[in-house]
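By convention in this document, chain letters (A, B, ...) are assigned in the order of the sequence lines, proteins followed by strands, and residues within each chain are numbered from 1.
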Protein chains: 2
Amino acid sequence: MCGVGLREIKKQQTRTAIADAALPLFLEYGFDRVTVAEVARHAGVSTNTVFNYFPVKEDLFFDRGADAEEHLAAVVRDRAPGACPVEAVCEDLLSGLRENHPMLGLQPGATAFWQVILDSPALLAREREIGERAEAALTAALTGHPPHTADAPGHCAPPPPALLAGAVAGMHRAALRELRQRIMAGEAPEEARDAVISAVVQGFDLICRGLHPTAEPR
Amino acid sequence: MCGVGLREIKKQQTRTAIADAALPLFLEYGFDRVTVAEVARHAGVSTNTVFNYFPVKEDLFFDRGADAEEHLAAVVRDRAPGACPVEAVCEDLLSGLRENHPMLGLQPGATAFWQVILDSPALLAREREIGERAEAALTAALTGHPPHTADAPGHCAPPPPALLAGAVAGMHRAALRELRQRIMAGEAPEEARDAVISAVVQGFDLICRGLHPTAEPR
DNA sequence: TAGTGTCACCACAAATTTGGAGTGACACCA
DNA sequence: TGGTGTCACTCCAAATTTGTGGTGACACTA
């Protein structure tokens, strides 16, 4: 129960062993051409054990999907007190882009990763599902930590959390998709990144200005 | 049941992981100052699992004890048809010495290994037990594959297997003990080895000449 | 001499992993 | 249209490993 027992450690080791065995196989052969049994064999584990840890095959690929689902919500919940949630998401995305965060796929090899997704309908569907859940989590986070809208001139009522979340998450997804498309089209990563950065600044600024009419455009 | 299943592989891995973790600890701290729990911790395994594989603590040190117990018997059983069993044992020992076989302790670091044994009454007792069982196995092997004693002039009836085994195994043990003592006394390994080699040649020749009066002394 | 601590080792329940025998969906093929 | 095969996934029994609480031997100490 304390999470530090030998049993917990072994479970974590088994899980990462499976995930670490799975990714190279997917990258090399494609998601649909790799069977769960092969993953199990490479991980030195039985097929049943794979299913113990990853209820569906897609989870083997989106191992950190659960984290991604919670990421936006966490950013909003953990933002500085009084800060605008939209700006928090924006800043998080920008810093991720500037620091070449692995999750965003600016590392070499990300292209292969993306190609696996594009080649597999199952993974594409799963990705959408993850995005949807991330949005739902963001909605919940916004409900609990709504934006602070000062009573300033030009102020209008903020949208309900679900809509705001829809806009924010939608813009977030679009930014990452744009980045992906540019890089896979052969554009230089830095160039693509900079283009997306300015696009993100502009896009989120749009929402922010609607929320805080007095804020200066950046 | 076939011994190639995943389960068997894992068991073997666990066993060697434990043994491999145990030896360095014993070499560094001495047998009696290392607890089974510490071995388990270094092997990343629970204490109970250690006892699953090594019924008594001494087995952790003499991991290959079972092999050693069978070695002499195997040499006798597998000798060339018609060959003298004593000579087979002698040749095996000599070739082991000449090739610096690890079991004989001619490798650097063997001194530390021996010192651990000498420092631990439990290990000394265990070593004797192993020697005794090896002798019993040799007796059995000799019973099934007795020496071929030609009806030559000067021929006398061969001793019962148990006695022959006692002599052979006893000489074998003495040779290794001699080697050990010389090296631990600081003698150069090559020097000690050569001395023991000639001693072995002489010693086994003695028995062989009793068995085969017509054989030429070497 | 009784108390205390350490350690080898045991016993048993709970958790994890494996093996094996399925089922259902789907593709391929005659 | 009806096999046939593959593969994701399920269910269950058995094997393995771990957690926990012992016991008894032995050394040390007050």
**Item:** Heavy-atom side-chain contact between A:Asp59 and A:Pro55 under 4.5 Å
**Value:** yes
**Protein-nucleotide distance (A:Glu8, atom CD; D:dT17, atom P), rounded to Å** = 18 Å
**Salt-bridge criterion met for B:Glu190 and B:Arg193 (N-O under 4.0 Å)** = no
**Fill in**
Heavy-atom nearest nucleotide on DNA chain D taken for A:Phe54 and for A:Lys10; more 5' hit belongs to A:Phe54
**Message:** Students should find this one: the first and last nucleotides of DNA chain C, 5' to 3', lying under 4.0 Å from a heavy atom of chain A. What are they?
**Reply:** C:dA14 to C:dG20
**Request:** Flag the pair A:Glu87 / A:Phe204 as yes when at least one side-chain heavy-atom distance between them is below 4.5 Å, and no otherwise.
**Result:** no
**Asked** Would you call B:Val39 and B:Phe54 a side-chain contact if the rule is heavy atoms closer than 4.5 Å?
**Response** no
**Asked** Heavy-atom count around B:Glu132 CD within 6.0 Å, excluding the residue itself: above 12?
**Response** no
**Request:** Nearest 0.5 Å please: distance from the CZ atom of B:Arg98 over to the CG atom of B:Leu94.
**Result:** 4.5 Å
**Request:** Determine the contact category for B:Val34: base if any of its heavy atoms lies under 4.0 Å from a base atom, sugar-phosphate if only primed atoms, P, OP1 or OP2 are that close, otherwise nothing.
**Result:** sugar-phosphate
**Asked** In terms of the nearest nucleotide of DNA chain C, which residue is placed more toward the 5' end: A:Arg7 or A:Thr47?
**Response** A:Arg7
**Item:** Euclidean distance, atom CZ of residue A:Phe51 to atom C1' of D:dC12 [Å, nearest integer]
**Value:** 16 Å
**Complete:** The residue among A:Val86, A:Val76, A:Val75, A:Leu93 that forms side-chain contact (heavy atoms from CB on, under 4.5 Å) with A:Val168 is A:Val86
**Asked** Hey, would you say the A:Phe26 and A:Phe113 ring centroids sit under 6.0 Å apart?
**Response** no
**Item:** Minimum side-chain heavy-atom gap B:Asp92-B:His71 below 4.5 Å
**Value:** yes
**Asked** Is B:Thr14 touching bases, backbone alone, or none of the nucleic acid, heavy atoms closer than 4.0 Å?
**Response** sugar-phosphate
**Prompt:** Which sits closer to the 5' end of DNA chain D, A:Leu6 or A:Glu58, going by the nucleotide each is nearest to?
**Reply:** A:Glu58
**Prompt:** Among residues 35-46 of chain A, which residues get a heavy atom nearer than 4.0 Å to DNA chain D?
**Reply:** A:Thr35, A:Val36
**Asked** Heavy-atom distance under 4.5 Å between the side chains of B:Arg79 and B:His145, does that happen here?
**Response** yes
**Asked** A:Leu60 CG to D:dC9 P: how many Å, rounded?
**Response** 9 Å
**Request:** May I have the distance from A:Lys57 (atom NZ) to D:dA8 (atom C1'), rounded to whole angstrom?
**Result:** 8 Å
**Asked** With a 4.5 Å limit on heavy-atom distance, are the side chains of B:Gln115 and B:Leu118 in contact?
**Response** yes
**Prompt:** In whole Å, what is the span from the CG atom of B:Asn48 to the P atom of D:dG22?
**Reply:** 15 Å
**Asked** Where along residues 118-128 of chain B does a heavy atom fall under 4.0 Å from DNA chain D?
**Response** none
